There are 2 protein chains.
Amino acid sequence: MKITDRKSEIIVTAAKLFKKRGYNAVSMRDIAQELGIKAASLYNHIKSKQEILSDIVLNVAESFTNHMEQIYPQSINSIQKLEAIIQNHIDITVQKTDFLACMNNDWMHLDEENLATYLKLRNAYEASFRKILQEGIAKNELENQNSEIVIFSILTTLRALYLWYSKKSSVEVEVLKKDLPKTLLHGIVKN
Amino acid sequence: MKITDRKSEIIVTAAKLFKKRGYNAVSMRDIAQELGIKAASLYNHIKSKQEILSDIVLNVAESFTNHMEQIYPQSINSIQKLEAIIQNHIDITVQKTDFLACMNNDWMHLDEENLATYLKLRNAYEASFRKILQEGIAKNELENQNSEIVIFSILTTLRALYLWYSKKSSVEVEVLKKDLPKTLLHGIVKN
DNA sequence: GTCTATAACGCGATAGAC
DNA sequence: GTCTATCGCGTTATAGAC
């Protein structure tokens, strides 16, 4: 996250606090204090606390959507697409850890309009993921397992990567990039 | 969740609301209204809002611990132990959906003392899980993959099952019990 | 066991001085 | 752009009547 102006600075700071304690447990006074100013001063840069949340959540959601729109139409097989998606989740986890955590934990606190936008993006993402799986099954590249269970299982793990990443050093990210696709796609039991 | 007295009734009702909106977004007035009484009346049965949260979280955490202590020492192989653990997560998801969601989402809002208790239970659970994996690798039953990644991946999926369960009918739980162990343990790619 | 009334406090947000 | 002061409201929790 490059910080270009005061508004970005506020949003990045808020995301860090939201990740740690959750949207509702963080006050405007907390965010201001972290920046060394008073809560009232925040309102020269942002409209409301809700605006901070929606900026954070929709920023990450659009990152995922953009990548999926780029990968989905490519002429590579389903396994290569799934590997590219896993890589992208790892990349976003590393680059936007706090934003991602905030999206995962606090999306339900968006106001009506932004909630609808977020859910539309998320549903479209899952629909593309589902099609990739079904394409892989049709072409005999993947086992014919219950698609909903596979989507749930893989996406849940990928979405929660930030929990794991927070605890590990950046060196181990290379291990993650190498081993996670194996674990998710090939399982852990010996043949 | 069998409701035996007024206190249980309050806790079950609170868990349902906490699951939907999160601990901090639910007020004592909300809980009371759901029960058809006034907020002040709740305090005849419970000490504080914190007490409701810790009762919920520690109840589920202890369920997991008890099952692990029962499975861990058994004379069955590592794959059978992992299958038993997966079954147990599905069972608790079905039997205590709201409590489980609350534990997953709101454990960080526990007060200092209960937080320490919860973390101790969770760490012990993960340690047992880790030992089962390592035992399986040593006996050549499991692939020699990075244990931390496997623990993270499987436990994250199992902990989030309540999200999936809420959307599906109870008939599909049978599908889940049959297919989830396959997906988690054997992967999705054709050999 | 539930009620009304209220204490004590923190919240998001605004007005207006500098 | 940041400040002080403040509004109006919601929060957990308690006191005391019934």
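Since this is a predicted model, take the numbers as computed values, not measurements. Just so we're on the same page: letters track the sequence lines, and every chain starts at 1. FYI, side chains are in, hydrogens and waters are out, and symmetry mates aren't considered; it's all heavy atoms of this structure.
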Going by salt bridge (charged side-chain N to carboxylate O under 4.0 Å, His left out), name the pairs with one or both residues in residues 10-27 of chain A, residues two or more places apart or in two chains.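 For residues 10-27 of chain A: A:Lys16-A:Glu34, A:Arg21-A:Asp30.
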A:His89: which residues meet the ring-ring contact (aromatic ring centres under 6.0 Å, His included) condition with it, sequence neighbours left out?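 If we apply the ring-ring contact (aromatic ring centres under 6.0 Å, His included) test to A:His89, skipping adjacent residues, the hits are A:Phe64, A:Tyr125.
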Under the rule for ring-ring contact (aromatic ring centres under 6.0 Å, His included), what residues qualify as partners of A:Tyr162, not counting sequence neighbours?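 If we apply the ring-ring contact (aromatic ring centres under 6.0 Å, His included) test to A:Tyr162, skipping adjacent residues, there are no hits.
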Report each atom pair, protein N/O against N/O of nucleotides 11-15 of chain D, whose distance is under 3.5 angstrom.
residue: D:dT12; atom: OP1; partner: B:Met28; partner atom: N; Å: 3.4
residue: D:dT12; atom: OP1; partner: B:Lys49; partner atom: NZ; Å: 3.2
residue: D:dT12; atom: OP2; partner: B:Met28; partner atom: N; Å: 3.0
residue: D:dA13; atom: OP2; partner: B:Tyr43; partner atom: OH; Å: 2.8
residue: D:dA13; atom: OP2; partner: B:Lys49; partner atom: N; Å: 2.9
residue: D:dA13; atom: O5'; partner: B:Tyr43; partner atom: OH; Å: 3.4

A:Glu51: which residues meet the salt bridge (charged side-chain N to carboxylate O under 4.0 Å, His left out) condition with it, sequence neighbours left out?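 Salt bridge (charged side-chain N to carboxylate O under 4.0 Å, His left out) list for A:Glu51, sorted by chain: A:Lys7.
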Distance in angstrom units between [X] [atom1] and [N] [atom2], rounded:
{"X": "B:Ile37", "N": "C:dT4", "atom1": "CD1", "atom2": "P", "result": "12 Å"}
{"X": "B:Leu35", "N": "C:dC3", "atom1": "CG", "atom2": "P", "result": "11 Å"}
{"X": "B:Arg21", "N": "D:dG10", "atom1": "CZ", "atom2": "P", "result": "14 Å"}
{"X": "A:Ile10", "N": "C:dG12", "atom1": "CD1", "atom2": "P", "result": "14 Å"}
{"X": "A:Gln33", "N": "C:dG10", "atom1": "CD", "atom2": "C1'", "result": "14 Å"}
{"X": "B:Lys38", "N": "C:dT6", "atom1": "NZ", "atom2": "P", "result": "16 Å"}

Without swapping roles, check the side chain of A:Ser153 against the backbone of A:Ile149 for a donor-acceptor pair under 3.5 Å.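 The answer is no, because no donor-acceptor pair under 3.5 Å joins these two groups.
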OP1 or OP2 of C:dC3 sitting under 4.0 Å from any side-chain N/O of B:Ser41?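 The answer is yes; a side-chain N or O of B:Ser41 sits under 4.0 Å from OP1 or OP2.
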Which residues pass the side-chain contact (heavy atoms from CB on, under 4.5 Å) test with B:Glu141, not counting sequence neighbours?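 In terms of side-chain contact (heavy atoms from CB on, under 4.5 Å), with neighbours along the sequence ignored, B:Glu141 is linked to B:Asn77, B:Ser78, B:Ile79, B:Lys139.
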